[in-house]
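Written below as structure tokens is the structure these notes are about.
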Number of protein chains: 2
Amino acid sequence: MAKIAGKGRKPRRPYHHGNLRRGLLDEALATIRAEGVDRLTLREIGTRLGVSRTALYRHFADKRALLAAVATEGFRTLRQHLEAAWVEGGRNREAFEAMGTAYIRFAIANSSHYRVMFGGSIDPKVCGPELAAEAAGAFQALVDALSSLQRAGIVRADDTLTTARYVWAVVHGVSMLAINGQLPDPVSIDGLTRYTSDRLLTGIDVGRALSGAPRG
Amino acid sequence: MAKIAGKGRKPRRPYHHGNLRRGLLDEALATIRAEGVDRLTLREIGTRLGVSRTALYRHFADKRALLAAVATEGFRTLRQHLEAAWVEGGRNREAFEAMGTAYIRFAIANSSHYRVMFGGSIDPKVCGPELAAEAAGAFQALVDALSSLQRAGIVRADDTLTTARYVWAVVHGVSMLAINGQLPDPVSIDGLTRYTSDRLLTGIDVGRALSGAPRG
DNA sequence: ACCTGAACACCGTTCAAGT
DNA sequence: ACCTGAACACCGTTCAAGT
């Protein structure tokens, strides 16, 4: 990766890393995955990268800024998962349900990362525009899919933004309950995920008696 | 409150407080409300109560145990709000919607407290049975109401527990998005809350076109 | 420009000691 | 039983100094 130093040039490669910022982000995320946000320590990240404890401050304003950057990358990845599910599913009603399932699956598979994204340890107003933009991008994937289904006459023609927020709240709520251990076991998580796929579109009242899950 | 010391008895009232545990809980909650969990410091609680920084350890194992106790009280209060909405609303479909609204309102009015209850800084398995019991109690209020509506033929006769978890996830999701500032303004929060009341029961697909909110 | 090393203010927690 | 005071190990952050 690094340029090979020519004869006349000093071999002045950067102190330790070609891209320390990248390394800091990766190491922070690895620690968050392995031990949770609470155990994340700037000092340990530094020593783990073979760098001073304060080198980080050349790339991030403070710890919160580092966490905001981690969250930003999380929203980018989430959007990719959502768009993939929508496109590969065929951009229809089933694809929309697959999108919801993909959302929940992402949250569970990356629970610590997801908690940083939504944990409230970072507030969107303070942490620069990148985080807000990336979060809005992930949300936009949902809005676009929903808007498409509305034009196709599959989803109610309510205000698109409000409907999208509702869908977001539902999958977010399921994800949080699953992550927080408030659902007793994996079976109940799967069950709730499937149930959500069904009920989100048709509601929980009677009058749609046919297509539902059995009383189980 | 304290017994008046009789003549022959030493006026041996406790060092500073009749109930230090109570004082610690109240002070912790007050700080959480005013400044958020991150700013909560055991030392400041102590000095604020005019007590040693380590007196707390006579009443709580550590900081996490204190937070767990705060969360426990939160679930108790939440349950009271839910049951009040259900009973005062007349135990019918409208009362159930009022229960959902009461849930979201509680979360928003006590956002920092709510975050402690669901923030994941405390895991239910470790923190003793009281927290789990009180959380289960709040959930049970929802299960009971739902079960009643199922018997009345108002809500689909699906598995009650799964349905209750779904409803919980929905109101929890709306609450979290509102608390985290991911909804742009109070108007959108109200709008989403109303929309949730409607759509939770009837779903978002077409075929129920009449009773919905207009597209504005 | 980028990184270091020492220092500062702060924190949760422990523990022998007091009453 | 309940509380204190000093101490320990740890943390985020600052800043003058190095290359």
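A note on names: the letters A, B, ... follow the listed sequences, proteins ahead of strands, and every chain is numbered from 1. Hydrogens, waters and symmetry mates are skipped; everything else that's a heavy atom, side chains included, is used.
A donor-acceptor pair is defined here as one N or O able to donate and one able to accept, closer than 3.5 Å; such a pair exists between the side chain of B:T163 and the backbone of B:D159.
Between A:H59 and C:dC3 there is a side-chain N or O to OP1 or OP2 distance below 4.0 Å. Distances shorter than 4.0 Å separate some side-chain N or O of B:T41 from OP1 or OP2 on C:dG12.
The distance between atom CG of A:L56 and atom P of D:dT13, rounded to the nearest whole Å, is 9 Å. Between the OH atom of B:Y57 and the C1' atom of D:dA6 there is a distance of 15 Å, rounded to whole Å. Here the C1' atom of nucleotide C:dA17 and the CZ atom of B:R58 are 12 Å apart, to the nearest Å. In this structure, the CG atom of B:L20 is 13 Å from the C1' atom of D:dA1, given to the nearest Å. A:F60 places its CZ atom 16 Å from the C1' atom of C:dC3, with the value rounded to the nearest Å. One atom, CG of A:D38, and another, P of D:dC10, lie 18 Å apart when rounded to the nearest Å. Rounded to whole Å, atom P of D:dC3 lies 11 Å from atom CG of B:L49. What separates CZ of B:R64 from P of C:dC11 is a distance of 20 Å, to the nearest Å.
The nucleotide whose nearest atom lies closest to any side-chain atom of B:A55 is, among D:dT13, D:dT4, C:dG12, D:dT4. Closest to the side chain of B:T54, from the set C:dT13, C:dC2, C:dT4, is C:dT13. Of the candidates D:dG12, C:dC15, D:dA7, the closest approach to any side-chain atom of B:R53 belongs to D:dA7. Of the candidate nucleotides D:dT13, D:dC3, C:dT4, D:dT13 has the atom lying nearest to any side-chain atom of A:D62. Listed candidates were C:dT13, D:dC3, C:dA7. Nearest to the side chain of A:R43 is C:dA7.
Cation-pi geometry between A:R93 and A:F96 is not satisfied (NZ or CZ under 6.0 Å from the ring centre, within 45° of the ring normal).
Taking a pair to require two hydrogen-bonding distances under 3.5 Å in either a Watson-Crick or a G-U wobble arrangement, C:dC2 pairs with D:dG18. Here C:dA7 sits opposite D:dT13 as a Watson-Crick or G-U wobble pair (both hydrogen-bonding atom distances under 3.5 Å).
Checked for salt-bridge contact, B:R22 and B:D26 meet the test: a charged N lies under 4.0 Å from a carboxylate O.
A:L40 comes within 4.0 angstrom of sugar-phosphate atoms only, judged by non-hydrogen atoms across all strands, and of no base.
In this structure, a donor-acceptor pair under 3.5 Å is absent between the side chains of A:E44 and A:T31. Between the side chains of B:S188 and B:D185, at least one donor-acceptor pair of N or O atoms lies under 3.5 Å.
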